[in-house]
Amino acid sequence: LEEDQPQLRKVSLSSIRARFAILRRLNEGMLTLLPWIDLSGATSLAHSFAAEVFANRGLLFYDTKMRFFNQVLDQTATGKESPSLRVDRVNDKTPVFLQLFSQLRDVNPLLLRQKQRAFKVQLKNERVEGDLGPYREVLSQICMELESPLVSLLIPCPNKQLASQTIGVGENRDKYVLKPSAGSPNAMAMFELLGRLIGIAIRTKNPLNLDLPAFFWKPLVGEQIDRRDLAAIDHCVTQSWTAIQDMDQATFDASVFET
């Protein structure tokens with residue numbers, strides 16, 4: 001323990017035990033209290049109780065968070081039948097993601113709140129058995145399409161683009177980011193489907209094999225993006241930004257106004 005947490009070396013064992021007992025009682029109480037807290041305002045209402053819980057979430061055990069999280073998923077799952085989709089990978093050259101988009105865009109999202117699979121999949125002209133196999137196969141292919149030019153929603157992050165040019169700089173040379181120019185109404189609707197698929201993956205415990213950096217997921221969980229997150233996807237821009245910030249006024253003026 002001392003090797004992993006050197007700050008505890010000067011703390012007596014009895015004090016550690018007492019603090020752990022307090023944390024355990026806190027977590028027991030929070031399991032009862034959490035269902036009564038509107039966590040939707042945790043990041044927007046600065047002085048709310050939800051914001052205090054969010055700010056001190058490090059005091060909650062992983063087991064406490066997951067028990068509450070799974071309770072929410074169970075209680076918000078629908079009891080209605082999941083929608084049925086038809087996917088043709090043999091005769092239809094349309095990407096599977098776009099085939100699902102055309103069929104799911106008008107489906108009530110509440111119907112996708114399933115525990116095992118969000119929708120049934122019929123693979124036309126393919127010999128497959130069972131329900132989960134085709135479902136997982138479709139999700140797997142969607143992830144491959146999203147990280148390819150077939151679906152123009154994600155692009156390689158700048159660090160990955162440089163790595164493909166044999167210029168190795170920065171971290172996350174395998175990550176993808178949202179395509180900035182994908183702002184049309186149709187593209188926004190497809191981004192909405194991507195968000196639903198992420199939610200579906202969480203609910204059905206079928207993770208999506210997408211290489212997305214902290215720059216993508218941090219805002220989803222209410223965490224602030226910092227310069228390190230930017231550097232992790234765009235080392236060159238961060239380096240230039242730092243250089244500009246460190247410039248004195250004379251050097252800056254000379255750089256801007258030189259002819």
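The figures that follow rest on heavy atoms only: side chains count, while hydrogens, waters and symmetry mates do not.
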Distance check, rounded to the nearest 0.5 Å: L100 atom CG versus T94 atom OG1? 12.0 Å
How about CG on N209, more than 12 heavy atoms from neighbouring residues, nucleotides or ligands closer than 6.0 Å, or not? no
Partners meeting side chain to side chain contact (heavy atoms under 4.5 Å, CB included) with K124 (sequence neighbours left out): R86, D88
Is it the case that one hydrophobic cluster holds both M144 and I155, taking links as side-chain heavy atoms less than 4.5 Å apart, direct or via other members? no
Would you find a donor on one side and an acceptor on the other, under 3.5 Å apart, between the side chain of S148 and the backbone of E145? yes
Just jot down the side chain to side chain donor-acceptor pair (under 3.5 Å) partners of T242, sequence neighbours excluded, or say none. R227
Looking at E223, I want to see if its CD is surrounded by more than 12 non-hydrogen atoms of other residues, nucleotides or ligands under 6.0 Å. yes
Within the structure provided, determine whether P83 and L112 are in side-chain contact (heavy-atom separation under 4.5 Å). yes
Let me check something: any side-chain donor-acceptor pairs from residues 199-206 under 3.5 Å, sequence neighbours excluded? List them with distances.
residue	atom	partner	partner atom	Å
R203	NH1	L73	O	3.2
R203	NH2	T76	OG1	2.6
T204	OG1	I200	O	2.8
T204	OG1	N206	ND2	3.2
N206	OD1	R136	NE	3.1
N206	ND2	T204	O	3.1

Partner set under side chain to side chain contact (heavy atoms under 4.5 Å, CB included) for S48, not counting sequence neighbours: L45, A50, A51
side-chain hydrogen bond (donor to acceptor under 3.5 Å, both in side chains) between R89 and Q99, worked out: CA-CA 10 Å; R89 302 188 298 177; Q99 292 186 46; over 6 Å; no
Please report, to 0.1 Å, the donor-acceptor pairs under 3.5 Å made by any side chain of residues 59-69, with sequence neighbours excluded.
residue	atom	partner	partner atom	Å
T64	OG1	N27	OD1	2.7
K65	NZ	R57	O	3.2

Return the SG to NE2 distance between C157 and H235, rounded to the nearest 0.5 Å. 12.5 Å
Sequence neighbours excluded, the answer for side chain to side chain contact (heavy atoms under 4.5 Å, CB included) partners of N186 is F101, R105, S184, M190
